[in-house]
Visitor: 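Got a structure for you, questions after.
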Amino acid sequence: MSEDTAADGDAATSEKLVELAKRRGYFFQSSGAYGGVGGFYTFGPQGASLKGNLEDAWRDRFAVAEGNMEIDAPTIMHEPVFEASGHLDGFDDMLIECPECGTSSRADHLVEDNTEYEDAESLPIPEVEEVIAEYELSCPECGAGLAGVAVEDFNLMFATNIGPGDAQPGYLRPETAQGIFVEFPRLKEYARNQLPFGVTQIGRAYRNEISPRRSIIRTREFTQAELEYFIDPETDDPDLESVADVEVSLYPASEQNAADGDEIETTIGDAVEEGIISSPWVAYFLGVAKPWYEAVGVDMDRFRFRQHLSGERAHYASDCWDAESEIDGNWIEMAGFAYRGDYDLSKHEEYSDDRFTIFKQYDEPKTVERATVDPDMSYLGPEFGGDAQAVVSELEDLAARDRSAFEGDSVEIDLEGETHEIPVEKTGFAVEEQTEAGEHITPHVVEPSFGVDRLVYTVLHHAYREDEVDGEERTYLDLEPEVAPTFVGVFPLQSDDELEAQANDIVADLRAEGLSVTYDDSGNIGRRYRRQDEVGTPFCVTVDYETIEEREAQRASDSASGDEPRADETTVTVRERDTTNQKRLPVDDLAETLAAIREGDLEFESL
RNA sequence: GCGCGGAUGGUCUAGUGGUAGGACCUGAGCCUUCCAAGCUCAUGGCCCGGGUUCAAAUCCCGGUCCGCGCACCA
């Protein structure tokens, strides 16, 4: 057995991996029969299983173990949701294409760079076109004039129509998060109106990328696993102690900006203490994520947390860290941990008719003096007609804002630019003592957001191994048993009815135990081992003639003694993928033993 | 969206203006008492659409897709 050579960091690993993925059924481009379409991939039998296992592992850790609830929202939502979330306006770019050299530029950037306009992105397109013509702006590449060239809006959301016609536009969600935020008013009920609570969702999201790249790393349809954790920013603290000792490799903004900056090896506890990670909540989830990534098979020597630079942070995030893995010398983003504040809930509160707050009861009710109005509608109605209700609103606002306005005989209010005088006696103005049991607060959101496809890719890439067995080259995937698509292969040593029958019995036993099993009787035994190595199956069971002989001896002795049949003591060989070591194990409790190994309760070496 | 380079069985690839070979894989059989062995047989292919030509997988144009660079990544 030669030593493993971890696949080195050149592009060749990715090339070999993509080829293996296609050939063995991990993933491949969709709709190949029709020429394919960019940015869409199908997970094959192995890939779908691996992806599902990773999602299960995520669910176990981030939903079940944390006591959070999982939902499953639609992938299409109608326009108002994205008006509120900011995706409709903020998720598009103005592109202008040079007629001479073909270079596409951001029209808003051109305007900002060459005129005194500052927020060109907020200008309507015709106006941007006018500005470009007026200032005779030119192509930054070749200098050709751009006056009169059309500016195009490119929104990264996929648009569709809900129902017939185009009366109700809808969009495929660009992130799963909005599906959680819009349901907050109901979800908070399920949490019995108590903070903190978390809601998870695993599902597809869609972005009409200009240029999908690097196989499943950047696609137009992808799977996210997101947790939105709602907290009271004043009183809720994470259980930092439970992750304080987790060792992490951090790449903070300060190091990225420094000429000789480097990753910092530290612990979550120290990083918080030293202020490297400013949000304890973000720190907590980094501390949860790191051991989880390690458990599903990400190489910790090729893993780090990188802080977003101030310029790359989304508008809603006060601090953001990415989990990154190294692939062929490049760091790719696998997850983002953002402190989103109250941005999303406030926006939906503003745009919708519902309440995106939590009522927080005081320890002791508070008594406050409050100025109120109780207008005399029999006066306001005839006086103001249809505007009466607006007058009431004005009075209410005014009372809350400036009670001294009600000190005279009459009070002045503005209504659509006109000033009206209203006798104070008709307003029902009063200063009352009121008892308040609590207040409505808008929770803050901490968002760990995982890209499942990129995790699948990373796990495969980091598991890719080439070594030599008995002078023969071998390729195998060193996948964790918990996530491997197939857990065990079962083979008859060679073509033989008896061996095959026994092997089939074992397959049935193992499947009954809930293990993912494959049966293979084609080709010599070595070939079959290599097939399973290449898809990352951790164990193989082989039935040989010893198995049959032991079984026959067993039967003979049982019938000779006249006793009840004893436990079957026949054995089979079990081979481990990484070492190719073999052990003979009893058939009788094979299912139990393998299941224990899969659960991590047993080690193959200790058998 | 632009530029450069690609596209031949499931995979990897050779190839020429006269419609294609190889290797691996896969399947059947033989052999075989544990690591891609050997033998026989079999399945399966020139990305799509135009053009030039007697004839195009090959040359030209357009498209699609892939890789890389630019741009983009709320």
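Just the heavy atoms: all of them, side chains too, but no hydrogens, waters or symmetry mates, feed the values below. Letters A, B, ... mirror the listed sequences (proteins, then strands); counts begin at 1.
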Visitor: Rounded to the nearest Å, what distance is computed from the CD atom of residue A:Glu333 to the P atom of nucleotide B:rC72?
Guide: 17 Å
Visitor: Using a cut-off of less than 4.0 Å, is there contact between a side-chain N or O of A:Gln29 and OP1 or OP2 of B:rC66?
Guide: yes
Visitor: Could you give the distance separating B:rA57 and B:rC72 at their P atoms, to the nearest angstrom?
Guide: 42 Å
Visitor: Please walk me through it: do A:Ser14 and A:Tyr457 pass side-chain hydrogen bond (donor to acceptor under 3.5 Å, both in side chains)?
Guide: CA-CA 9 Å; A:Ser14 270; A:Tyr457 194 89; 2.8 Å; yes
Visitor: Extract from the structure each pairing of a protein N or O with an N or O of nucleotides 10-12 of chain B at less than 3.5 Å, listing the distance.
Guide:
{"from": "B:rU11", "atom 1": "O2'", "to": "A:Glu19", "atom 2": "OE2", "distance (Å)": "2.3"}

Visitor: Could you check whether A:Gly39 gets within reach of a base, just the sugar-phosphate, or nothing at all, counting any heavy atom under 4.0 Å?
Guide: sugar-phosphate
Visitor: Are A:Tyr293 and A:Phe303 near enough that their ring centres are under 6.0 Å apart?
Guide: yes
Visitor: What about A:Phe491 and A:Tyr529, are their ring centers closer than 6.0 Å?
Guide: yes
Visitor: Does a nitrogen or oxygen in the side chain of A:Gln494 sit under 4.0 Å from OP1 or OP2 of B:rU32?
Guide: no
Visitor: Does OP1 or OP2 of B:rU32 have a side-chain N or O of A:Asn524 closer than 4.0 Å?
Guide: no
Visitor: Figure out the CD/C1' separation between A:Glu473 and B:rC35, and round it to whole Å.
Guide: 15 Å
Visitor: Ignoring backbone atoms, establish whether A:Arg218 has a side-chain N or O less than 4.0 Å from OP1 or OP2 of B:rC73.
Guide: no
Visitor: Regarding A:Glu447 and A:Arg340, does a basic nitrogen lie under 4.0 Å from an acidic carboxylate oxygen?
Guide: yes
Visitor: Between B:rC34 and A:Arg528, is there an OP1 or OP2 to side-chain N/O distance shorter than 4.0 Å?
Guide: no
Visitor: May I ask you to check whether A:Phe539 and A:Phe487 place their ring centers less than 6.0 Å from one another?
Guide: yes
Visitor: Using a cut-off of under 3.5 Å, enumerate the N/O to N/O pairs linking the protein to nucleotides 46-48 of chain B.
Guide:
none

Visitor: Checking contacts here: which listed nucleotide (B:rU32, B:rC34, B:rC25) is nearest the side-chain heavy atoms of A:Arg527?
Guide: B:rC25
Visitor: Does atom CD (A:Glu473) have a neighbourhood of more than 12 heavy atoms from anything else shown, all under 6.0 Å?
Guide: no
Visitor: Looking at B:rC35, does its base get a donor-acceptor pair with the side chain of A:Arg575 below 3.5 Å?
Guide: yes
Visitor: When the C1' atoms of B:rC46 and B:rA14 are considered, how many whole Å apart are they?
Guide: 12 Å
Visitor: Does OP1 or OP2 of B:rC66 have a side-chain N or O of A:Arg213 closer than 4.0 Å?
Guide: no
Visitor: RNA chain B: A:Gly523 or A:Arg530, which has the more 5' nearest nucleotide?
Guide: A:Gly523
Visitor: Please determine, for the side chain of A:Asp470, which listed nucleotide (B:rA74, B:rC35, B:rU33) has the closest atom?
Guide: B:rC35
Visitor: For A:Thr475 and A:Arg214, take the nucleotide of RNA chain B holding the closest heavy atom to each; which residue's nucleotide lies nearer the 5' end?
Guide: A:Thr475
Visitor: Is there a side-chain hydrogen bond (donor to acceptor under 3.5 Å, both in side chains) between A:Thr486 and A:Thr518? Walk through the geometry before answering.
Guide: CA-CA 7 Å; A:Thr486 306; A:Thr518 191; 5.7 Å; no
Visitor: Which of these, A:Arg577, A:Arg474, A:Arg530, sits in a salt bridge (Lys or Arg N to Asp or Glu O under 4.0 Å) with A:Asp467?
Guide: A:Arg474
Visitor: Could you tell me whether A:Ser215 contacts a base, only the sugar-phosphate backbone, or nothing, with contacts defined as non-hydrogen atoms closer than 4.0 Å?
Guide: sugar-phosphate
Visitor: Take the protein atom CD of A:Glu175 and the nucleotide atom C1' of B:rC73, then report the distance between them rounded to whole Å.
Guide: 14 Å
Visitor: Can you check the distance between B:rC12 and B:rC66, where both ends of the measurement are the C1' atom (answer in whole Å)?
Guide: 16 Å
Visitor: B:rU16 and B:rA7: how far apart are their P atoms, nearest whole angstrom?
Guide: 13 Å
Visitor: Atom CG of A:Asp322 to atom P of B:rA74: distance rounded to whole Å?
Guide: 10 Å
Visitor: For a side-chain hydrogen bond (donor to acceptor under 3.5 Å, both in side chains) check, start with the C-alpha distance between A:Thr579 and A:Glu576, then their side-chain angles and the critical distance, and finish with the verdict.
Guide: CA-CA 6 Å; A:Thr579 60; A:Glu576 194 203 27; 2.7 Å; yes
Visitor: Can you tell me how far C1' in B:rG44 sits from the matching atom in B:rA23, rounded to whole Å?
Guide: 15 Å
Visitor: How close or far is atom P of B:rU32 from atom CG of A:Asp521, stated in whole angstroms?
Guide: 17 Å
Visitor: Quick one: the dot-bracket string of RNA chain B, using Watson-Crick and G-U wobble pairs with both distances under 3.5 Å, [ ] for crossing pairs and | for bases paired to another strand.
Guide: (((((((..((((....[..)))).(((((.......)))))....(((((..]....))))))))))))....
Visitor: Which heavy atom of A:Leu602 sits nearest a heavy atom of A:Ser606, and at what distance?
Guide: CD2-OG, 4.3 Å
Visitor: Roughly how far apart, to the nearest Å, are B:rA55 and B:rG51 at atom C1'?
Guide: 14 Å
Visitor: For B:rU26 versus B:rG9, give the span between their C1' atoms, rounded off to a whole number of Å.
Guide: 11 Å
Visitor: So does A:Glu350 have more than 12 non-hydrogen atoms from other groups sitting under 6.0 Å from CD?
Guide: yes
Visitor: From OH of A:Tyr476 over to P of B:rA36, roughly how many Å is that when rounded to an integer?
Guide: 16 Å
Visitor: According to a strict under-4.0 Å criterion, is A:Ser522 in side-chain N/O contact with OP1 or OP2 of B:rG27?
Guide: yes
Visitor: From CZ of A:Arg340 over to P of B:rA74, roughly how many Å is that when rounded to an integer?
Guide: 12 Å
Visitor: In plain terms, say whether A:Arg214 and A:Asp328 are close enough for a salt bridge, that is, a side-chain N and a carboxylate O under 4.0 Å apart.
Guide: no
Visitor: Apply the side chain to side chain donor-acceptor pair (under 3.5 Å) test between A:Gln178 and each candidate in A:Glu183, A:His348, A:Glu228; give the one that qualifies.
Guide: A:His348
Visitor: Without decimals, in angstroms, what is the distance between A:Ile217 CD1 and B:rC68 C1'?
Guide: 14 Å
Visitor: What I want to check is whether an N or O donor and acceptor connect the side chain of A:Ser211 with the base of B:rC72 at under 3.5 Å.
Guide: no
Visitor: Looking only at atom P, what distance separates B:rU8 and B:rG15, rounded to whole Å?
Guide: 13 Å
Visitor: Look only at the side chain of A:Tyr26 and the backbone of A:Val535, and say whether a donor-acceptor pair between them is shorter than 3.5 Å.
Guide: yes
Visitor: Any donor-acceptor pair under 3.5 Å linking the side chain of A:Arg218 with the backbone of A:Pro212?
Guide: no
Visitor: Taking the side chain of A:Arg207 as its heavy atoms from C-beta onward, which of B:rC35, B:rC73, B:rU33 lies nearest to it?
Guide: B:rC73
